[in-house]
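Worksheet: the structure to be examined is printed underneath.
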Amino acid sequence: MRYMDKTIVGLSIAFVVLFCADFFMAEWVRFIGLQSLARGAVALGLLVLWRTGLVSFGHALYFGFGAYAAAMLTLIGYHDAFFLVFAGTLAAGVLAYLLGFLLRRYRAIFFALLNMAFSMILYGVIVKTEELGSTDGFSVLTPTFLGYAPKGEAVQTTLFIFTLVFTYIITVGVHLYMKTTLGGMSMAVRENEIRVEYLGYSAEKVIHVKYVFSGLVAGFGGAIMALAIGQVDPDSMANWTVSGEFVFITILSGIGNVGATYIGALVFELIRTYAFEYAPLFWQFILGGSLLAIIMFLPDGIWSLFGRLRRSDSSESSSSSNKAPSP
Amino acid sequence: MKMLKNSSRATLLATGLAAAMGATAMPASAAEMVVMAVPTFLTGAGAPAFGVPARNGAEVIIEAINKGTLPAPYDKSGKGLAGRQIKAVIYDESGGGVKQVAEFRNKVQKQGVDLFVGYISSGTCAAITPVAEELKMLTIFPICGTPRIFEEINKTPKYVFRTMGHATADGVAEALYVKANMPDVKGYTGINQNYAWGQDSWRDFDLAMKQLMPSVPVSDKTQWPKIFSGQYGAEISALMLSKEPLVHSSLWGGDLEAFIFQGSARGLFRKKQLLFSVADTSVYRLGKKAPAGAILGARGPYGIFAANIDTPLNNWFRKVYQDRYSVPPVGGSYQAAQGVLAAKFAYDKAAAANGGKFPSKDQVIAALEGSTFQGIAAPVHMNRSNGHQAATKHMIGVLEWDKEAGGPIMTKVTEFGPDCVMPPPGVNGTEWLKGGMKGAKC
């Protein structure tokens, strides 16, 4: 029982509810849900980095790498979702492991922009490769699930459960990890790296581990996205604007809780969907405006709303007993 | 403890939100309306010269269909599509294939769209085709040009149609024009965007040239800028230095205009003979800045090429469009309008065959397959790719500035029949070109 806490209880309840809801959801809700889970997973990786004091403007690199790895496997005849997602995740993880040796030595804006530089290299390679459809990308066929080949709406229903199970495992895993010594090292590295070194830990190794993890989940998100949408292209998968969206979602969510990233991703998808529907000419403006509003009014993200609610709860109860006007 | 309590609240909120959305998610389709989604570029480099004129063209026709004010031959079939009013959902095509596929699903599942008439970019069309077939959604591409749609991506389409000729027709018409008007040309090169449309445009022009003028050398340094890049400094330098006098380009929209501005500043158009596949969209916008003397096309009898076509439908369209938007309609406007007319034609024909009752989707598809309907400027023959791909006549000419009228005009225009420039039914375009264009009726 020492691992049970309210976050895990909350995540588990959400898991069960969403699992059951999958069979009743309208198709478009499920579709938005799928995208939110995929993007939320990437933002989860960024959250881990952010807690370590690092912001990456280039995680579209791993997102795109995972997506293209999975999509390219479908070109040569592999269609099993388990294999595709596993391969996409692993490919991105290996890439993150290798680049990590260089990137773990940089901090702040250098870290952020080096990531972006690497992601734009991938972007450039894809754009120049006509076999991969250059800027057009290519279509990804419907996946199968261990021999089960769903048709029609069942494809998305199955994929949703598939994604839900894995994101649940990943999220709970991250939460538990953050409570271990190595996980707790995140904050320590952010606050005072030198002290961490004097305590006998290697800050670079701590960062490297987080970085590989963030690459893995970004690859996972990308592979899921490729299967969910059935199309990959460099502008939606590997461009710097995509990295920007992930940072957007992370800011939107705040770093208070692992579950927040999924709420942030959902809010992001909803804003985008509705802005696109009701303001086809100004949807980018609305998206940008809402980010600005979040930064100005909720600097700690949506998650801080819950903290505020809690505080106003307690202040209401205290003010009712003590009606003295504030000075 | 504080954080722990918060987390369960968040979960409640999230699941509540999800549940609420599931409950309210009814398709918004009105019973007696036909919901027509019209995706076109409303933002970005594709918008001003192409996307917005296309939207305007579609709007003019949709409004006339709803009011029943279309002239002959559409004046006898009553208001709306088979009697039902069109509810147009016009939205932005920018953002790339993945975003558009996601949006396609959204429109079908969330807004209950009945049919799509739209998409400008070949890249978007290529991405949309598989999902349209998967979701069994009637989709009419009025514009996009890559032949791959019915030659590679889906060879047996059921739900996807394209109501204009594709890049092969442009390449063949251009090569025929060059052969007739520049018999002594010393070589050719090209600048095309590095995506489906640019690659296919160049490939087909090059293959047609190799057949028609096999002795003319081609440059090995053709330029491939990225779509929507907007900066062509390096490419222009390379073109200025190349020895080939003829430059083929399928740049379109904002890219084309940027290229023209940057090229004329450096004297490219004085030094080289330019051949533009889709430059008609910019001749009115650029006015005197448009490169006079350039060979250009509008991918068929559209825009400035239709200025003198005297039919009731064309005269009416030009007048209504000009009055409403204060500019003449360009290629994109014609092509989008033609796509909407295809829907009008198909629904009305299907309703007539159905005893006057509103037709089913399959009946509409059957009505459009293999048919011939009147486009704004010319008849459209849906007689390629199992009746899903159109063939129309094609026109190429030289742009000049008419001092007396104070506007651009096309001179030395040559017209090509549909069976002269499009590969015959059932024949792959590339193979047709490589095999010497057998069966072409010119």
Side-chain angles (χ1 to χ4, degrees), chain A residues 5-11 13-14 17-18 21 24-29 31-33 35 127-128 130 133-139 141-142 152 225-226 228-237 239 256-260 262-263 266 270 273 276-277 280-281 283-284 302-303 306-307 309-310, chain B residues 1-15 17-19 21-27 42-43 89-92 95-103 105-111 121-124 126-131 134 146 153 193-197 199 224 226-228:
Chain A
D5 66 26
K6 289 209 174 169
T7 295
I8 292 181
V9 173
L11 286 171
I13 294 171
V17 170
L18 286 173
F24 309 103
M25 269 191 258
E27 279 181 88
W28 68 272
V29 180
F31 189 58
I32 286 181
Q35 294 184 63
V127 164
K128 292 283 173 203
E130 204 177 323
S134 37
T135 46
D136 298 338
F138 57 92
S139 302
L141 297 172
T142 312
M225 204 62 143
I229 293 182
Q231 170 81 14
V232 288
D233 75 48
D235 279 300
S236 320
M237 295 294 191
N239 202 2
N257 188 284
V258 287
Y262 300 100
I263 301 173
L266 180 65
L270 288 177
T273 304
F276 206 73
E277 189 175 328
L281 281 172
W283 63 276
Q284 288 122 326
I302 290 177
W303 194 253
F306 301 105
L309 281 178
R310 218 184 88 87
Chain B
M1 193 58 207
K2 181 174 159 190
M3 219 167 101
L4 306 182
K5 193 173 172 192
N6 293 343
S7 65
S8 54
R9 272 199 201 165
T11 322
L12 275 177
L13 188 88
T15 47
L17 208 62
M21 272 167 28
T24 55
M26 301 295 286
L42 299 178
T43 64
V89 179
I90 295 170
Y91 70 95
D92 191 2
V98 169
K99 177 159 191 312
Q100 287 306 318
V101 171
E103 203 48 43
R105 286 183 189 274
N106 244 340
K107 290 281 179 265
V108 173
Q109 295 164 354
K110 181 163 174 289
Q111 285 177 271
S121 165
S122 293
T124 335
I128 291 294
T129 302
V131 68
E134 183 202 319
T146 175
I153 295 167
Q193 293 144 323
N194 194 10
Y195 83 116
W197 163 249
Q199 292 156 1
W224 296 100
K226 188 173 140 352
I227 183 174
F228 301 146

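Residue numbering restarts at 1 for every chain, and letters A, B, ... go by the order of the sequence lines. As the structure is a prediction and not an experimental result, all values here were calculated from the model.
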I'd like to verify something: which residue of Gly230(A), Gly33(A), Ser236(A) has the highest number of heavy-atom pairs under 4.5 Å with chain B? Ser236(A)
Out of curiosity, Thr273(A) OG1 to Lys110(B) NZ, how far, rounded to the nearest 0.5 Å? 7.0 Å
Asp233(A) versus Val98(B), closest heavy-atom pair with distance: OD2-N, 2.8 Å
Under the ring pair (Phe, Tyr, Trp, His ring centres under 6.0 Å) test, residues paired with Tyr91(B) that sit two or more places apart: Phe276(A)
Contact part of Ile90(B) toward chain A, heavy-atom cut-off under 4.5 Å: side chain, backbone, both or neither? backbone
Would you check, one step at a time, whether the test side chain to side chain contact (heavy atoms under 4.5 Å, CB included) holds for Gln284(A) with Thr43(B)? CA-CA 9 Å; Gln284(A) 288 122 326; Thr43(B) 64; 3.6 Å; yes
Engaged part of Ala228(A) at the chain B interface, taking heavy atoms whose separation is under 4.5 Å: backbone
Part of Gln199(B) within contact of chain A (heavy atom distance under 4.5 Å): side chain
With chain B, the option among Asp235(A), Asn239(A), Ile229(A), Leu141(A) that has the most non-hydrogen atom pairs under 4.5 Å is Ile229(A)
List for me each residue that meets salt bridge (Lys or Arg N to Asp or Glu O under 4.0 Å) alongside Lys99(B), sequence neighbours excluded, and say none if there are none. none
With chain A as the partner, which of Ile227(B), Val89(B), Asn194(B), Thr129(B) has the greatest number of non-hydrogen pairs under 4.5 Å? Asn194(B)
Using non-hydrogen atoms only, which part of Val232(A) is less than 4.5 Å away from chain B: side chain, backbone, both, or neither? backbone
Counting only non-hydrogen atoms closer than 4.5 Å, does Met237(A) touch chain B with its backbone (N, CA, C, O), its side chain (CB onward), both, or neither? side chain
For Gln35(A) versus Ala102(B), what's the shortest heavy-atom pair and its separation? NE2-CB, 4.0 Å
